[in-house]
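One structure below.
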Amino acid sequence: MTELDFMTSPQSGELGRFLQQMLLIRYFEQQVEERYRDAEIPGFVHVAIGQEAVAVGACAALAPGDVITSTHRSHAHTLAKGTPARAVMAELYGKVEGCSRGRGGSMHLYDVERGNLGSSAVVGGALGIATGAALAFSLRSEPRVALAFFGDGATASGLFHESMNLAQLWRLPVVFLCENNRWAESTPLAQHSPIADLTQRAQAFGMTALEVDGQDVEAVYRATAEALAHARSAAGPVFVLAETYRLAPHNVGDQQEYRDKEEYELTRSTQDPIAKLRERLALSDERFAELEREAEAAVADAVEFARHGTDPDPQTLLEDVYA
Amino acid sequence: MPETKTRFSYREAVRDAMSQAMRRDPDVFVMGQDIAEHGGSQKVTLGMLEEFGPDRVRNAPISEMALTGAGIGAAMLGMRPIVEIMYEDFLTLAMEQLVNHAAKERYMSGGQLKVPLTVRTQGGAGWSSAAQHGQQTEGWFVGVPGLKVVYPSTPRDARGLLWSSIYDDNCVVFFEHVQLYNQREELPEELEPIPLGKARIARAGEDVTVVATGPLVPEALAAAEQAEQDGISVEVVDPRTLQPLDEEAILESVRKTSRCVVAHEAVRRMGFGAEVAALVQEKAFDWLDAPVERVGACFSPLPFAPSLERACIPRREQVYAAIKRTVGSE
């Protein structure tokens with residue numbers, strides 16, 4: 001994508017890039033919904049509409065050499081960590097050109113070269129892996145950090161508690177970034193957590209916790225940068241709670257009969273992270289429309305690329321079962 | 001100059017493989033419960049803390065799942081961690097990480113990742129450890145694509161196979177048996193790696209093949225001695241690695257003897273032996289002179305009372321009886 005020219009200060013220039021990335025993710029996810037409904041994409045897909053600012057702000061704060069782990073809702077994290085839209089879309093189409101060579105699909109996006117250790121579709125399933133990556137950094141005295149994305153639902157899992165305990169006990173350089181979108185599939189936070197303030201989870205382990213507005217990309221960037229600096233200085237792990245909103249169904253096809261329609265529409269109109277950033281940057285309608293067209297074109301290109309991708313040859317079926 | 005040999009116990013052989021790897025390679029470390037000052041519940045890691053320090057001999061909280069996950073994560077970054085799970089019964093607590101992550105990361109990533117993690121564990125019956133500290137679980141792991149499963153029965157095999165497991169680029173679940181820890185064998189100081197996936201002929205024979213694993217290997221050897229008195233020549237094949245399985249070694253033996261007994265301490269029903277029996281009938285049917293016999297534990301939780309435990313788990317008598325059945329002289 002082109003560099004934005006309307007931003008002069010380095011800080012606002014960064015925000016311009018954030019907006020481009022968030023728009024790319026938004027258009028990507030909308031296109032995924034459509035392509036899925038048209039039965040072009042097999043399996044099932046979870047889009048991150050509404051949560052773009054968390055992915056973009058957090059990944060922008062990472063240093064080269066840092067690694068992430070992701071979740072079943074992984075497109076935004078993967079795009080924000082720098083994997084080209086073509087490779088992500090091709091993976092969703094099950095093509096060899098995909099970022100997991102068609103072996104993973106929507107819920108298993110990997111890009112190890114770019115520091116993406118992959119997404120686990122077992123809720124909370126990658127938290128031990130992020131902890132272990134941090135253990136490797138610690139044992140090798142490397143100034144690197146592992147950042148694990150996960151949702152509020154994962155904080156009820158056993159592995160979450162075991163990993164938080166282990167990471168704090170061993171002072172490992174890991175950032176646990178919880179995207180509280182308030183829904184564990186169809187179950188609201190109040191029905192799966194006895195506490196409303198999830199930072200209390202971290203306090204139980206004596207772990208530093210930060211809370212941030214997940215709809216404000218700049219705030220996410222700053223909070224993550226602070227957490228990473230803390231972890232990198234060997235001061236121990238940090239729990240970052242990003243309060244965000246899932247402005248889409250759990251997965252494409254979910255009718256959300258469990259969700260209040262009025263509340264949902266109100267949230268969509270008041271909590272859109274892209275609208276908030278647009279307002280913050282005071283962009284003209286023309287300029288914003290131009291950025292939208294750019295993102296739309298990049299996604300259309302990714303779809304065409306994926307459509308013309310190569311189906312994996314059944315002869316390669318057993319490749320990579322073992323190293 | 002003559003080679004120096006030392007008598008190693010199975011326990012010392014396991015420790016020696018880890019220690020030699022850790023001396024040569026800073027990427028190898030071990031973590032588990034009570035493994036530091038205490039030396040582990042079976043004293044396998046005794047003395048390693050003093051040599052390698054608490055960073056590399058890491059005492060861990062009772063968190064099998066996170067510990068296994070952390071092993072996977074460190075392995076993805078190129079380290080070669082060893083996770084000790086105190087009893088193989090507790091592998092259940094790490095099952096999700098082993099099955100959904102360790103086994104699948106390479107495949108799901110389209111070959112981008114390797115998980116060179118070794119998960120060592122031990123267990124087994126014979127000392128009234130009851131239903132949660134003595135069952136044999138290797139049969140649950142051999143059916144998971146992406147995992148390797150190793151089960152040595154001698155000090156030499158334990159040392160050479162553990163070394164190869166540590167240096168394998170896949171996740172290996174490494175089973176040790178509590179009743180074998182004090183077995184002794186003269187070994188050279190220099191470690192001889194033993195490749196994974198290669199069986200060992202523990203005893204050569206002509207009339208019956210016994211494919212045995214773990215403690216059933218010495219039991220099968222004792223049964224073979226007894227059968228010898230009856231004029232039956234028994235060959236004992238120890239696969240040593242259950243996944244991948246050295247099918248050719250088993251088939252070659254059966255094609256020679258035309259009779260086959262499979263023996264393991266795990267439950268007989270749905271066990272590893274069923275796969276061996278299927279292999280033999282699929283690929284050596286024309287050579288068989290008798291149905292394949294299976295020897296294994298009864299299909300029940302492992303009982304506590306010594307009288308019940310003895311009745312449940314197989315030993316040399318059951319192997320001997322199975323050998324006799326295959327030659328039609330029960």
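Every chain is numbered from 1, with letters handed out A, B, ... down the list of sequences. This is a predicted model, so every value here is computed, not measured.
In this structure, the portion of B:D27 lying under 4.5 Å from any heavy atom of chain A is its side chain and not its backbone. Contacts of A:E91 with chain B are absent, with no heavy-atom separation under 4.5 Å from either backbone or side chain. For chain B, no part of A:L127 is nearby; none of its heavy atoms comes within less than 4.5 Å. Contacts between B:N100 and chain A at a heavy-atom distance below 4.5 Å involve the side chain alone, from C-beta outward.
Residues B:Y107 and A:L317 share a closest heavy-atom pair of OH-O, 2.8 Å. Scanning both residues, A:S120 and B:H101, for their nearest heavy atoms gives OG-NE2, 2.7 Å. Nearest heavy-atom pair across B:P61 and A:W170 is CD-CZ2, 4.5 Å. Among all heavy-atom pairs drawn from A:D111 and B:Q112, the shortest one is CA-OE1, 3.5 Å.
Rounding to the nearest 0.5 Å gives a distance of 8.0 Å between CG of A:L166 and CZ of B:R58. Once rounded to the nearest 0.5 Å, the distance linking CG of A:L135 with CG of B:D55 reads 9.0 Å. Taking OG of B:S109 as the start and CZ of A:R103 as the end, the distance is 10.5 Å to the nearest 0.5 Å.
The 12-atom threshold is exceeded at CD of B:E248, counting heavy atoms of other residues, nucleotides or ligands nearer than 6.0 Å. By the 6.0 Å contact criterion, OH on B:Y167 is enclosed, its count of non-hydrogen atoms from other residues, nucleotides or ligands being greater than 12. Within a 6.0 Å radius of CD in B:Q20, more than 12 heavy atoms belonging to other residues, nucleotides or ligands are found. By the 6.0 Å contact criterion, CD on B:E252 is open, its count of non-hydrogen atoms from other residues, nucleotides or ligands being 12 or less. Atom NE2 of B:H38 sits in a crowded spot, with more than 12 heavy atoms from other residues, nucleotides or ligands closer than 6.0 Å. No more than 12 heavy atoms of other residues, nucleotides or ligands shown are found within 6.0 angstrom of NZ on B:K114. Within a 6.0 Å radius of CD1 in A:I195, more than 12 heavy atoms belonging to other residues, nucleotides or ligands are found.
Not a single donor-acceptor pair under 3.5 Å links the side chain of A:D320 to the backbone N or O of B:R106.
Of the residues considered (A:G125, A:G104, A:G102), A:G125 shows the highest number of contacts with chain B, using heavy-atom pairs under 4.5 Å. Ranking B:P26, B:P145, B:A70, B:A103 against chain A, the residue ahead of the rest is B:A70, based on heavy-atom pairs under 4.5 Å. Between chain A and the options B:D169, B:D168, B:L113, the largest number of non-hydrogen pairs under 4.5 Å is found for B:L113. Residue with the most contacts toward chain B among A:A126, A:S100, A:C99: A:S100 (heavy-atom pairs, distance under 4.5 Å).
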So B:Q243 and A:Y322, side chain to side chain contact (heavy atoms under 4.5 Å, CB included) or not? Walk me through it.
CA-CA 11 Å; B:Q243 181 67 258; A:Y322 290 95; 3.6 Å; yes
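Among A:I129, A:V112, A:L117, the single residue meeting the side chain to side chain contact (heavy atoms under 4.5 Å, CB included) criterion with B:E105 is A:I129.
For residues 150-165 of chain A, a heavy-atom distance under 4.5 Å to chain B picks out A:L159, A:E162, A:S163, A:N165, given by residue number. Annotation: residues 73-85 of chain B contacts chain A through B:G73, B:A74, B:M76, B:L77, B:G78, B:M79 [non-hydrogen atoms, separation under 4.5 Å].
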